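This structure is a prediction, so every number in the text was calculated from the model and none was measured.
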Amino acid sequence: MTRLSRAALADLPPDVAPPGYDRAGVRTGIVHLGIGAFHRAHMADYVDRALAAGDHRWGITGVSLRSPGVRDQLKPQDGLYTLVTRDGSGDSLRIIGAVNRVLVAAEDPAAVIAAMAHPEVRIISLTVTEKGYCHDPATGALNPDHPDIVHDLANPDAPRSAIGFLVAALAARQAAGAGPVSVLSCDNLPHNGAVLARVVREFALGCGSDLAGWIDTNVTFPATMVDRIVPATTEADRAGLAARLGCEDHGMVKAEPFTQWVIEDAFAAGRPDLAAFGVELV
């Protein structure tokens with residue numbers, strides 16, 4: 001059976017909604033670290049709706065920090081995947097086209113840093129779980145003894161941690177004059193924006209440059225709250241979807257109908273009109 005792809009969209013069943021826009025005209029305005037199932041069923045869903053409404057500045061470059069699994073799922077599918085919204089009455093299917101490409105940081109850290117430093121990128125977002133912040137949960141401070149932080153401070157051009165990649169990208173933006181950017185945590189972590197701002201700034205101070213001052217002036221870290229149940233996808237899910245689509249989708253995700261996203265409206269360089277799609281901007 002063939003894979004989901006741009007070519008396969010023309011043959012989808014009529015009850016499957018394809019992307020409602022020409023993907024060839026979509027520019028990349030967001031880079032997301034940690035492109036797992038939750039991101040694809042939550043933030044990418046909202047962004048896909050914004051793209052369909054006509055604002056084509058917000059395509060997503062996804063980054064897997066270590067595993068190539070999502071890249072290997074989506075690259076043969078031209079970045080397309082199905083969002084299966086499931087409740088007691090059945091499933092509704094939408095093809096999400098918001099993800100332009102997926103990079104694997106462990107394979108090419110320079111490409112990830114360059115993607116985040118591109119002047120058209122206005123939002124860098126992340127879903128890396130609480131452990132990915134390399135901080136002391138009791139104080140919110142960066143843990144300087146974390147093995148990845150020790151490595152990244154010694155190897156700033158080849159980081160391992162999300163924090164190391166963020167600071168490397170912000171340094172590249174400063175050097176290139178790429179302009180302001182917002183760094184948006186999508187992890188359910190208390191005071192996530194403030195925690196992220198603190199660990200990024202402390203890491204930048206450890207680099208021994210004037211980067212921390214540039215961050216204070218040019219970068220915002222909005223606080224957020226995210227909510228959606230996104231169960232793990234099973235082989236039975238993929239087989240059932242293939243029977244409906246007439247093609248295989250190795251990158252499908254499934255979710256409950258309820259979704260919520262609350263964001264502090266503190267963006268340094270613009271954002272999609274997320275409120276039009278139910279996001280609470282506060």
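- A salt bridge does not link Asp249 with Arg40: none of the charged nitrogens is closer than 4.0 Å to a carboxylate oxygen.
- The backbone N or O of Ser161 lies less than 3.5 Å from a partner atom in the side chain of Asp152, making a donor-acceptor pair.
- Residues Ile30 and Tyr21 fall within the same hydrophobic cluster, defined by Ile, Leu, Val, Met, Phe, Trp and Tyr side chains chained together at heavy-atom separations under 4.5 Å.
- Of the possible polar contacts, one joining the Glu264 side chain to the Ala223 backbone as a donor-acceptor pair under 3.5 Å is found.
- Within a 6.0 Å radius of NE2 in His191, other residues, nucleotides and ligands contribute 12 heavy atoms or fewer.
- Qualifying ring-ring contact (aromatic ring centres under 6.0 Å, His included) partners for Tyr46, counting only residues two or more places apart in sequence or in other chains: His42, Trp261.
- A search for ring-ring contact (aromatic ring centres under 6.0 Å, His included) contacts involving His135 returns nothing, not counting sequence neighbours.
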Notebook entry, point to check: Stepwise, does the salt bridge (Lys or Arg N to Asp or Glu O under 4.0 Å) test hold for Asp108 with Arg101?
Noted result: CA-CA 14 Å; Asp108 194 347; Arg101 61 175 177 158; over 6 Å; no
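- Panel note: side chain Asp187, backbone Thr129; a donor-acceptor pair is recorded below 3.5 Å.
- The pair Arg271-Asp265 meets the salt-bridge criterion, since a charged nitrogen lies less than 4.0 angstrom from a carboxylate oxygen.
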Note to self: Test salt bridge (Lys or Arg N to Asp or Glu O under 4.0 Å) on Arg244 and Asp15; report intermediate values, then the result.
What the structure shows: CA-CA 10 Å; Arg244 286 191 63 178; Asp15 62 336; 2.8 Å; yes
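- Taking a 6.0 Å sphere around CZ of Arg6, one finds it holds 12 or fewer heavy atoms contributed by other residues, nucleotides or ligands.
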Item checked: Worked check of side chain to side chain contact (heavy atoms under 4.5 Å, CB included) between Asp11 and Leu245 -> CA-CA 8 Å; Asp11 299 320; Leu245 294 181; over 6 Å; no
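- Here the side chain of Arg71 pairs no donor or acceptor atom with the backbone of Val102 at under 3.5 angstrom.
- In this structure, Gln77 contributes its side chain and His250 its backbone to a donor-acceptor pair below 3.5 Å.
- No donor-acceptor pair under 3.5 Å is formed between the side chain of Thr82 and the backbone N or O of Leu93.
- Proximity of a side-chain donor or acceptor of Arg173 to a complementary backbone N or O of Gly179 within less than 3.5 Å is detected.
- Side-chain atoms of Ser185 do not come within 3.5 Å of backbone N or O of Gly193 as any donor-acceptor pair.
- A donor-acceptor pair under 3.5 Å is formed between the side chain of Arg228 and the backbone N or O of Glu256.
- Using a cutoff of 4.0 Å between basic side-chain nitrogens and carboxylate oxygens, Arg94 and Asp48 are scored as salt-bridged.
- Note on Leu170 and Leu103: same hydrophobic cluster, where clusters join Ile, Leu, Val, Met, Phe, Trp and Tyr whose side-chain heavy atoms are under 4.5 Å apart, directly or indirectly.
- Tracing side-chain contacts under 4.5 Å through hydrophobic residues (I, L, V, M, F, W, Y), one never reaches Val70 starting from Phe165; they form parts of separate clusters.
- The same ILVMFWY cluster, assembled from side-chain heavy atoms under 4.5 Å apart, contains both Val219 and Val31.
- Both Ile113 and Val200 belong to a common hydrophobic cluster when Ile, Leu, Val, Met, Phe, Trp and Tyr are linked at side-chain heavy-atom distances under 4.5 angstrom.
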